[in-house]
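For reference, the structure discussed in these notes is given below.
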Amino acid sequence: MNRYSVIEKKIPREIVLLKGRPCAWGKCSFCDYIDDNSTNEELNHNTNIEVLKNITGKYGVIEVINSGNIFELPKDTLVLIKDIIIKKNIHTLFFEAHWIYRKRVQSMRDYFGINCIVKTGLESFNKKFREQILVKGFSYKNIEEIKMYFDSVCLMPGIKGQTQKMIKQDIKLAMSNFKHFTVNVFIKNTTNIEPDPVLIKWFQDNYKWLDDEKKCDVLWINTDFGVGN
Ligand code: SF4
């Protein structure tokens, strides 16, 4: 498992894949990331110490991910990240949290005390698809409410049951409402959720321009950030 990488494009940054407790939401139908979680805080932290040693601060920007939410990292790991931020002159931190943690996001921003770009795995703005098929657990009233807590949404095109219309709308809304967003094309995994190869081909043909869109990170395959396996 590769846990450290450097993203050179768009917003250059170092990225680390850390280990934490199981995701508190844990219900998304397409999710099989949980294999990397552990309830052993010591094991998690010891792994994280080794991974975080790689950070050089070369771009002043880091992204911290785990197979869940930043709130599930050991406290000692959060202390270590803050220490690295100070020692390596990090000015911007990307991290991720699910909607259930929205009211705690500000406390995490305050804790780190630097510019934070907080991502959330919305996957789609289409409520029916998102909640009935993907079981994401987002209950926002309007997009302004998401923006109250989060800076960036992650979208997931290419799933059976999605349509071109939904994806067009997702990209349009992300482009017009957020200063940053991520597109993670769905890849077959161990769950029952199936990719739609025709839809994926259509997306690749029509949205190649996202490669040049500065505020969008596109993962055409889910290891494009260089971490994971
Ligand atoms: S919020 Fe993320 S980690 Fe948690 S179940 Fe959903 S996709 Fe998996």
Side-chain angles (χ1 to χ4, degrees), residues 1-3 15-41 43-44 47-48 51 63-74 77-78 93-105 108 116-140 145-162 166-167 170 174 178 180-196 217-225 227-229:
M1 171 87 81
N2 194 20
R3 294 186 178 273
I15 181 165
V16 283
L17 171 58
L18 302 180
K19 244 176 126 60
R21 296 187 303 280
C23 169
W25 174 248
K27 294 181 187 146
C28 303
S29 57
F30 62 89
C31 177
D32 66 354
Y33 320 147
I34 48 169
D35 288 351
D36 195 36
N37 297 141
S38 170
T39 51
N40 184 335
E41 294 282 272
L43 168 82
N44 290 345
T47 303
N48 298 341
V51 179
E63 176 159 354
V64 169
I65 58 171
N66 53 299
S67 301
N69 308 280
I70 193 164
F71 297 93
E72 287 134 14
L73 291 176
T77 298
L78 296 176
L93 169 69
F94 285 69
F95 67 82
E96 192 162 0
H98 184 271
W99 180 249
I100 53 168
Y101 286 113
R102 64 194 179 284
K103 297 207 170 135
R104 292 175 59 191
V105 163
M108 198 58 92
C116 291
I117 299 181
V118 187
K119 298 163 79 165
T120 194
L122 182 72
E123 321 306 352
S124 175
F125 290 93
N126 186 288
K127 186 176 176 187
K128 197 169 168 199
F129 173 70
R130 186 185 68 241
E131 299 305 332
Q132 292 186 7
I133 309 284
L134 304 183
V135 198
K136 282 302 313 187
F138 278 69
S139 57
Y140 61 91
E145 197 184 355
I146 308 178
K147 288 159 74 175
M148 274 171 58
Y149 305 105
F150 301 101
D151 309 288
S152 174
V153 287
C154 303
L155 301 174
M156 189 171 269
I159 299 171
K160 258 201 184 120
Q162 246 176 341
M166 283 182 208
I167 296 172
D170 284 344
F178 292 89
H180 182 269
F181 66 103
T182 305
V183 173
N184 194 352
V185 179
F186 183 68
I187 302 277
K188 175 76 186 139
N189 61 19
T190 59
T191 68
N192 291 331
I193 297 295
E194 290 292 328
D196 180 336
D217 288 319
V218 195
L219 287 84
W220 297 104
I221 51 169
N222 56 5
T223 50
D224 271 353
F225 274 162
V227 290
N229 56 16

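For this chain, numbers begin at 1 and follow the sequence in order. Counting convention: from 1, in listed order, for ligands and their atoms alike.
A donor atom on one side chain and an acceptor atom on the other are not found under 3.5 Å apart for E96 and Y101. Between the side chains of S67 and N37, no donor-acceptor pair is found at a separation under 3.5 Å.
When atom types are taken as modelled, the side chain of N184 and the backbone of N222 share no donor-acceptor pair closer than 3.5 angstrom.
Using a 4.5 Å heavy-atom threshold, the side chains of L134 and C28 count as separate. Side-chain contact between I167 and Q162: present, with at least one pair of heavy atoms (C-beta onward) separated by less than 4.5 Å.
Between F94 and H180, the two ring planes are perpendicular [angle over 60°; tilted spans 30° to 60°].
Which parts of ligand 1 touch H98 is read off a 4.0 Å heavy-atom cut-off, strictly below it: atoms 1 (S). Each of the following atoms of ligand 1 lies closer than 4.0 Å to a heavy atom of K27: 5 (S).
Under 4.0 Å from ligand 1, the heavy atoms of K136 that appear belong solely to its side chain.
Applying the salt bridge (charged side-chain N to carboxylate O under 4.0 Å, His left out) definition to pairs two or more places apart or across chains, those involving residues 180-192 are K188-E194.
For atom 8 (Fe) of ligand 1, the set of protein N/O/S atoms nearer than 2.8 Å consists of C31 SG, ordered by chain and number.
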